[in-house]
Amino acid sequence: DGGITQSPKYLFRKEGQNVTLSCEQNLNHDAMYWYRQDPGQGLRLIYYSQIVNDFQKGDIAEGYSVSREKKESFPLTVTSAQKNPTAFYLCASSRESGTGDQPQHFGDGTRLSIL
Amino acid sequence: RKEVEQDPGPFNVPEGATVAFNCTYSNSASQSFFWYRQDCRKEPKLLMSVYSSGNEDGRFTAQLNRASQYISLLIRDSKLSDSATYLCVVVLFSGGYNKLIFGAGTRLAVHP
């Protein structure tokens with residue numbers, strides 16, 4: 001079955017530690033995205049990538065880093081510089097279109113908490 | 001003003017009721033519109049796209065009013081399984097890509 005796989009489902013971070021969240025898709029989508037969701041708030045874009053080896057900052061990129069070495073994979077690293085990392089992290093992918101009419105499809109998310 | 005605004009609810013309705021959610025957006029250049037459904041502690045899932053002419057999918061009807069910058073979702077004959085948070089999503093071409101802007105969601109609770 002085609003889809004987006006995020007791992008792990010739950011992750012705990014110690015102070016001063018970097019952690020990496022995995023996102024893999026087999027939908028052959030060009031574009032991939034990382035969002036953060038806090039309780040009672042809408043999703044906020046962290047980073048996005050439209051093609052391999054290229055990515056751009058979203059609205060809240062500080063304290064995060066990404067790579068896009070393969071079309072299928074878009075890992076997110078939460079660095080120690082991110083002082084409030086506790087949130088629900090969602091990875092998404094979509095076909096690219098000039099008109100923006102392609103919806104994004106989401107993985108089932110990773111919950112990150114501070115120890 | 002938020003870019004996408006929704007009534008947070010919760011909307012508590014009995015089974016079989018008809019319920020309507022509204023959403024307003026601030027940027028008139030917005031291009032595309034979607035409704036997503038999100039169950040508690042789960043990922044958002046696409047419910048339906050919203051077209052200018054309005055569109056229907058079974059018990060669900062979506063409407064778009066570009067002049068008023070307003071989107072609606074109507075659910076008829078509510079089922080217990082419709083209980084979820086409904087996210088209004090607006091697409092805006094910004095910074096060289098199609099940016100999705102999410103509302104905070106409207107919570108629906110359908111009771112027996």
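Owing to the predicted nature of the structure, the values given are computational and were not obtained by experimental measurement. Numbered from 1 within each chain, the chains take letters A, B, ... in sequence-line order.
Under the 3.5 Å distance criterion, with hydrogens and angles disregarded, a donor-acceptor pair is assigned to the side chains of Tyr35(A) and Gln104(A). When only modelled atom types and interatomic distance are considered, Glu24(A) and Ser73(A) share a side-chain donor-acceptor pair under 3.5 Å.
Among all heavy-atom pairs drawn from Asp77(B) and Thr18(B), the shortest one is N-OG1, 4.2 Å. A pairwise comparison of heavy atoms in Gln82(A) and Pro85(A) identifies O-CD, 3.5 Å as the closest pair.
Looking at Phe88(A), only its side chain comes within 4.5 Å of chain B, counting heavy atoms on both sides. Both the backbone and the side chain of Arg41(B) have a heavy atom closer than 4.5 Å to some heavy atom of chain A. Only the backbone of Gln41(A) comes within less than 4.5 Å of a heavy atom of chain B; no side-chain atom from C-beta onward does. Heavy-atom distances place no part of Gln6(B) under 4.5 Å from chain A, backbone and side chain included. For Phe33(B), no part lies under 4.5 angstrom from a heavy atom of chain A. Leu45(A) touches chain B through its side chain: at least one heavy atom from C-beta onward sits under 4.5 Å away, while N, CA, C and O do not. When heavy atoms are compared at a cutoff of 4.5 Å, Pro44(B) approaches chain A by way of both its backbone and its side chain. Using a 4.5 Å cut-off between heavy atoms, Arg111(A) touches chain B through its side chain atoms alone.
The environment of CZ in Arg68(A) is crowded: more than 12 heavy-atom neighbours from other residues, nucleotides or ligands sit within 6.0 Å.
For the set Leu100(B), Thr85(B), Leu46(B), the entry with the most heavy-atom pairs within less than 4.5 Å of chain A is Leu100(B). Per-residue heavy-atom pair counts under 4.5 Å with chain B were compared for Gln37(A), His105(A), Gln56(A), Gln6(A), and the maximum is reached by Gln37(A).
No salt bridge links Lys42(B) with Asp108(A); every basic N to acidic carboxylate O contact stays at or beyond 4.0 Å. Between Lys45(B) and Asp39(B) there is no salt bridge, since none of the side-chain N atoms of the basic residue sits less than 4.0 Å from a carboxylate O of the acidic one.
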